Amino acid sequence: MFAQTPVEPLPATQSLIFLLQVGLLLALAHAMGRLAMKCAMPSVVGELCVGIVLGPTLLQLTLPEVSWWLFPTEPEQMHLLDAVGQIGVLLLVGLTGVHLDAALVRRQGPTAARVSGFGLIIPLALGTATGYWLPSSLTPDGADRTVVALFLGVAMCVSAIPVIAKTLMDMNLMHRDIGQLTLTAGMVDDAFGWMMLSLISAMATTGLTGGAVLSALISLAGVLLLAAVAGRGLIRPLFRLTNGAADVTPTIATAMTLILLSAAGTQALHLEAAFGAFVCGVLIGKYGRPDPARLAPLRTVTLVVFAPLFFATAGLRMDLTALGRPAVLATAAVVLLVAVVGKFAGAYVGARTSGLGNWEALALGAGMNARGVVEVIVAMIGLRLGVLNTATYTVIVLVAIATSVMAPPLLRIAMTRIEQTAEETERCDRQQLSPPSLPTGDR
């Protein structure tokens, strides 16, 4: 038996370029993220703009030689950044699941169910219909039109809990009934979105056939059943041990290991890795119940390093010059209109059928319309699966940015017309409802 030849280490040139890429992207992501926050916008807007500055939109046009050296088109080089970004996404989604407040969802009851239900169904239907309408130039060659349409429908129906929560906290609305209801409905939307995304991703990789759909549904049900049955028995004793440790290292190591292995498990089943990370995060929050302070270092590293790098890298794939093509510009306008109308209509119908007033319904629509980080992740997954091309990817990321920027002013207009109740005032004074410490901050 011959000994296997060792794998050669990363060449010095590739290593140098990778380090320069990471350093430059991270520095600019923080600088432009801070600038966005000073302009009353989510930091993710500034972080995505880093990729626009260093990508095909600007640097490649003005300094092509510098662009080709610093961001070469060879897949091997770009995949190094993608790998770092993938770790960041999984930790981001997993930590979001840790902070999903199941008790809050239960307290809101039927009202939250109606708001989230209509807020999912109407945008999903409108987005799917729009996907069938997309010009052929905006769909990848060989992509199944139904898968593309369903993917766009999912992109239209998701909400971004991090952006919603940060907006509510900044505007001091977490103690208001509408604030709680918006957060609850957004949590349900997020959970449904990850399940649908996982299902459609399986269709994209295995083909849209009856057997493939059935297999994906069985895999999805199997993951949920395993989580429900084995989650408590595995998670609770593990975190009982780590939570009692003198330092936070075992808690962080356990959480990170479980999130990544769960992501690998769903990926092996041809489901989306982010779905496994999210489910694992929910189980950790429900059964592990680690002290938030013990996970704070992991949240910090994710927020300060991984997340900005992911969004900056995502921006590198945006090509705003494509908007110079009339078909792409018209598609961007239509998709943005569909996204806004669908979410507002869904939230409005759900609120009105629950007996809420017009301004309350509009406030719910304004909050749930923010898509932020979640839609960017959806767009990246679609590009990776070959469901989206660069032009369609650019359109969806622009929708994520636009809807996140729209949320605060629209919510402010609606909430000034809703009187604060005595119960809300008492709740605020006694601080019975503390704002959730979401891992994705202002993203």
Side-chain angles (χ1 to χ4, degrees), residues 36 39 41-42 44-58 60-61 122-141 143 145 147-160 163 193 197 311-346 365-366 368-407 409-410:
C39 297
M41 293 186 290
V44 66
V45 174
E47 291 162 359
L48 286 166
C49 287
V50 172
I52 296 173
V53 171
L54 297 179
T57 304
L58 189 59
Q60 200 173 96
L61 287 179
I122 294 178
L124 179 63
L126 290 176
T128 303
T130 304
Y132 280 109
W133 163 84
L134 283 179
S136 56
S137 61
L138 270 75
T139 57
D141 295 335
R145 174 65 72 159
V147 173
V148 173
L150 288 171
F151 203 92
L152 187 61
V154 170
M156 295 299 98
C157 75
V158 296
S159 295
V163 175
L197 181 63
F311 291 118
T313 305
L316 286 174
R317 289 180 163 87
M318 290 180 66
D319 185 5
L320 296 185
T321 61
L323 296 176
R325 293 155 48 192
V328 179
L329 183 60
T331 300
V334 170
V335 172
L336 178 59
L337 180 64
V338 168
V340 174
V341 170
K343 210 59 170 173
F344 267 89
M368 293 179 65
N369 187 48
R371 289 168 172 84
V373 54
V374 178
E375 189 154 87
V376 175
I377 295 173
V378 170
M380 281 290 285
I381 291 171
L383 192 64
R384 174 170 56 81
L385 293 173
V387 176
L388 306 177
N389 60 18
T390 303
T392 320
Y393 169 83
T394 299
V395 167
I396 293 179
V397 174
L398 283 175
V399 170
I401 294 173
T403 54
S404 298
V405 171
M406 290 167 58
L410 292 176

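Numbers here are sequence positions counted from 1. What's counted below: heavy atoms across the whole structure, side chains too, no hydrogens, waters or symmetry copies. It should be emphasised that the depicted structure is a prediction, and the values quoted were computed from it without experimental measurement.
In plain terms, the two heavy atoms of A407 and A370 that are nearest each other are CB-CB, 3.9 Å. The two residues L323 and A332 come nearest to each other via the heavy atoms CD2-CB, 4.2 Å. What you find for A402 and L336 is that their closest heavy atoms are CB-CD1, 3.9 Å. The shortest heavy-atom contact between A400 and S404 is O-OG, 2.8 Å. Contact between I122 and G342 at its shortest, heavy atoms only, is CG2-O, 3.8 Å. Taking each heavy atom of A36 and G46 in turn, the nearest pair found is CB-N, 3.7 Å.
Side-chain atoms of N389 come within 3.5 Å of backbone N or O of S137 as a donor-acceptor pair. Formation of a donor-acceptor pair under 3.5 Å by the Y393 side chain with backbone atoms of A314 is found in this model. At distances below 3.5 Å, at least one donor-acceptor pair connects side-chain atoms of R145 with backbone N or O atoms of L134. One N or O on the side chain of T57 and one on the backbone of L320 form a donor-acceptor pair closer than 3.5 Å. In this structure a side-chain-to-backbone donor-acceptor pair under 3.5 Å is present from T392 to L138. A side-chain donor-acceptor contact under 3.5 Å links T139 to the backbone of S136.
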*Test side chain to side chain contact (heavy atoms under 4.5 Å, CB included) on V340 and T403 and set out the steps.*
CA-CA 7 Å; V340 174; T403 54; 4.3 Å; yes
*Determine, step by step, whether L150 and V154 satisfy the side chain to side chain contact (heavy atoms under 4.5 Å, CB included) criterion, reporting the C-alpha distance in whole Å, the side-chain angles of both residues, the deciding distance to 0.1 Å, and the verdict.*
CA-CA 6 Å; L150 288 171; V154 170; 5.7 Å; no
_Derivation and outcome, side chain to side chain contact (heavy atoms under 4.5 Å, CB included), residues L126 and M156_ = CA-CA 8 Å; L126 290 176; M156 295 299 98; over 6 Å; no
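Rounded to the nearest 0.5 Å, atoms CG (L61) and OG1 (T321) are 6.0 Å apart. Going from atom CG of L54 over to atom CD of Q60 covers 11.5 Å, rounded to the nearest 0.5 Å. Here the CG-CG distance, from L152 to L124, works out to 10.0 Å after rounding to the nearest 0.5 Å. To the nearest 0.5 Å, atom CE of residue M380 and atom CG of residue L388 are 11.0 Å apart. Taken to the nearest 0.5 Å, the CE atom of M318 stands 4.0 Å off from the CG atom of L398. Atom CG of L48 and atom OG1 of T313 lie 10.5 Å apart (nearest 0.5 Å).
Each of E375, M368, K343 was checked for a side-chain contact (heavy atoms from CB on, under 4.5 Å) with V158, and the lone residue meeting it is E375.
Using a 4.5 Å heavy-atom cutoff, the side chains of T331 and P135 are in contact. Looking at V378 and F151, their side chains come closer than 4.5 Å, going by heavy atoms from C-beta outward. Proximity of N369 to M406: side-chain heavy atoms (C-beta onward) are separated by under 4.5 Å at one or more points.
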